[in-house]
*Asks:* 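Below you will find the structure I want to go over with you.
Throughout, residue positions are numbered sequentially from 1 according to the sequence presented. Hydrogens, waters and symmetry mates play no part in the numbers below; they use all other heavy atoms, side chains included.
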Amino acid sequence: SKEEAESALDKVVDALRAAERRGRNDLLEPFWELPSKDELPDYYDVTPYPVDVNTIYARCANGEYETLRDLDRAFKQMWANCVEYNVVTSNIYRDCLTLQKAGSQKIYELSGGDVAPDDRYPEPGSAASLLTEPQLIAHLYAVVTQFRGDNPPTAEAPPLAEVYKTVPSPADNPQYSRVVSE
C-alpha cells in the first residue's frame, strides 16, 4: 500500500543517512535534488530519466510506488543515472556506490528477502536497463530523431533523421527511386 511504501522509503533514507554518517557528512546531499539545467545542461542529455530523492518521495506520496520493488527500481534508476553521468574516479561516483549498497541492503531487509540486494555496483550504461519497454522505445526514438551528427552537437545543424522523414521525389533523387523500385 501507499502507506507501507512511504514507511519503507523513510527507513531506506534513514539507512542512507546512516551510511552518510559513516563516511563524509555530504554523501547524500547531491541526491536530494536534481542539478539545474543551467548548472549541468548535458546531464539531461545523458540521463533521459532523471530522478532524485525528493522526486521519489513525491511519487511515493502520489501513490506511484506501492511496493518495495517500485522503490527499489526508483533508487536503482537514481544510482544508474549517477554512474552513467559521472567519472569513475569522482567523489560522487564513489559516494553513489556507498549509498547504493546501503539502500539496497535496507530494501532487502525490509522485503524479508523478496527483493534481492543488488551487490553489484551499477555499470556505466546500465540506466537504460532499468527502463520499461515503452520507455526504451521512446528513448530510442528521441535519440534517433534528434541526432545531429556534428561533434560537438549544435542547434544549427538539422537532425540527420530529417532526411528520412519524407520520401524524395524521382526528380529530386532518381537513384533512390530506382533502388527502391528494384
Side-chain angles (χ1 to χ4, degrees), residues 1-136 138-139 142-143:
S1 77
K2 178 180 152 186
E3 291 78 21
E4 291 170 333
E6 287 175 332
S7 174
L9 177 56
D10 287 335
K11 291 174 183 171
V12 171
V13 171
D14 287 344
L16 298 177
R17 286 186 174 133
E20 181 178 56
R21 284 189 294 276
R22 289 190 300 271
R24 294 188 333 274
N25 284 338
D26 61 349
L27 255 66
L28 192 54
E29 184 180 333
F31 297 97
W32 279 103
E33 195 171 292
L34 293 171
S36 75
K37 290 184 180 183
D38 293 334
E39 197 177 296
L40 296 174
D42 63 329
Y43 178 82
Y44 295 89
D45 296 330
V46 174
T47 58
Y49 297 96
V51 66
D52 59 26
V53 176
N54 284 328
T55 301
I56 294 172
Y57 265 110
R59 289 177 181 167
C60 195
N62 289 335
E64 292 180 49
Y65 304 140
E66 294 185 353
T67 68
L68 282 168
R69 287 191 194 285
D70 294 338
L71 287 174
D72 186 52
R73 179 168 275 220
F75 277 103
K76 282 180 180 176
Q77 184 70 58
M78 186 173 73
W79 308 136
N81 289 346
C82 178
V83 166
E84 186 78 21
Y85 182 77
N86 294 286
V87 178
V88 175
T89 56
S90 66
N91 283 338
I92 193 169
Y93 188 101
R94 288 190 300 269
D95 295 348
C96 169
L97 301 182
T98 299
L99 293 168
Q100 181 265 341
K101 187 172 184 179
S104 179
Q105 184 60 38
K106 180 49 81 173
I107 289 173
Y108 173 73
E109 290 169 13
L110 292 171
S111 74
D114 287 344
V115 179
D118 192 355
D119 293 334
R120 304 163 323 205
Y121 294 135
E123 296 292 327
S126 65
S129 67
L130 299 172
L131 304 178
T132 63
E133 189 173 323
Q135 288 172 323
L136 279 171
H139 174 64
V143 168

*Asks:* Can you check whether I107's main-chain N or O pairs, donor with acceptor, with D72's side chain at less than 3.5 Å?
*Replies:* no
*Asks:* Not counting sequence neighbours, which residues clear side-chain hydrogen bond (donor to acceptor under 3.5 Å, both in side chains) with R17? List them please.
*Replies:* none
*Asks:* Let me confirm one number: the CD1-CD distance from I92 to E29, rounded to the nearest 0.5 Å.
*Replies:* 10.0 Å
*Asks:* How long is the span from the CG atom in D42 to the CG atom in L40, to the nearest 0.5 Å?
*Replies:* 6.5 Å
*Asks:* Which value, rounded to the nearest 0.5 Å, describes the distance between C82 atom SG and L97 atom CG?
*Replies:* 7.5 Å
*Asks:* Can you tell me how far apart OH (Y93) and OG1 (T98) are? Round to the nearest 0.5 Å.
*Replies:*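 Interatomic distance, Y93 OH to T98 OG1, rounded to 0.5 Å: 11.5 Å.
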*Asks:* Holding to ring-ring contact (aromatic ring centres under 6.0 Å, His included), I want the full list of residues that pass it with Y85, two or more places apart in sequence or in another chain.
*Replies:* Y43
*Asks:* Does CD belonging to E64 count more than 12 external heavy atoms closer than 6.0 Å?
*Replies:*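 More than 12 within 6.0 Å, yes.
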*Asks:* Taking the side chain as C-beta and beyond, is there a heavy-atom pair between Y65 and L9 under 4.5 Å?
*Replies:* no
*Asks:* Using a 4.5 Å cut-off on heavy atoms from C-beta on, say whether the side chain of V13 contacts that of Y57.
*Replies:*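 A side-chain contact under 4.5 Å exists here.
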*Asks:* Can you name the side chain to side chain contact (heavy atoms under 4.5 Å, CB included) partners of D52, sequence neighbours left out?
*Replies:* E33, L34, N54, T55
*Asks:* Who pairs with E109 by salt bridge (Lys or Arg N to Asp or Glu O under 4.0 Å), at least two apart in sequence or on another chain?
*Replies:* K106
*Asks:* Are F31 and M78 close enough that some pair of their side-chain heavy atoms sits under 4.5 Å apart?
*Replies:*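 Touching, per the 4.5 Å side-chain cut-off.
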*Asks:* Roughly how far, to the nearest 0.5 Å, is the CZ atom of R94 from the CG atom of L99?
*Replies:*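 Answer for the CG-CZ pair, L99 versus R94, is 13.0 Å.
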*Asks:* So, R59 versus N62: side-chain donor-acceptor pair below 3.5 Å or not?
*Replies:* no
*Asks:* So do the side chains of S104 and W79 get within less than 4.5 Å of each other, counting heavy atoms only?
*Replies:*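 Not touching, per the 4.5 Å side-chain cut-off.
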*Asks:* Distance-only, no hydrogens or angles: does the T47 side chain make a donor-acceptor pair with backbone N or O of P50 under 3.5 Å?
*Replies:* no
*Asks:* Under the rule for side chain to side chain contact (heavy atoms under 4.5 Å, CB included), what residues qualify as partners of S7, not counting sequence neighbours?
*Replies:*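 S7 satisfies side chain to side chain contact (heavy atoms under 4.5 Å, CB included) with K11 once adjacent residues are dropped.
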*Asks:* Could you work out, with side-chain hydrogen bond (donor to acceptor under 3.5 Å, both in side chains) as the rule, every residue matching N86, not counting sequence neighbours?
*Replies:* none
*Asks:* May I have the step-by-step check of side chain to side chain contact (heavy atoms under 4.5 Å, CB included) for L110 and L71, ending in yes or no?
*Replies:* CA-CA 11 Å; L110 292 171; L71 287 174; over 6 Å; no
*Asks:* To the nearest 0.5 angstrom, please state how far the CD1 atom of I56 sits from the CZ atom of R73.
*Replies:*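 With rounding to 0.5 Å, CD1 (I56) is 13.0 Å from CZ (R73).
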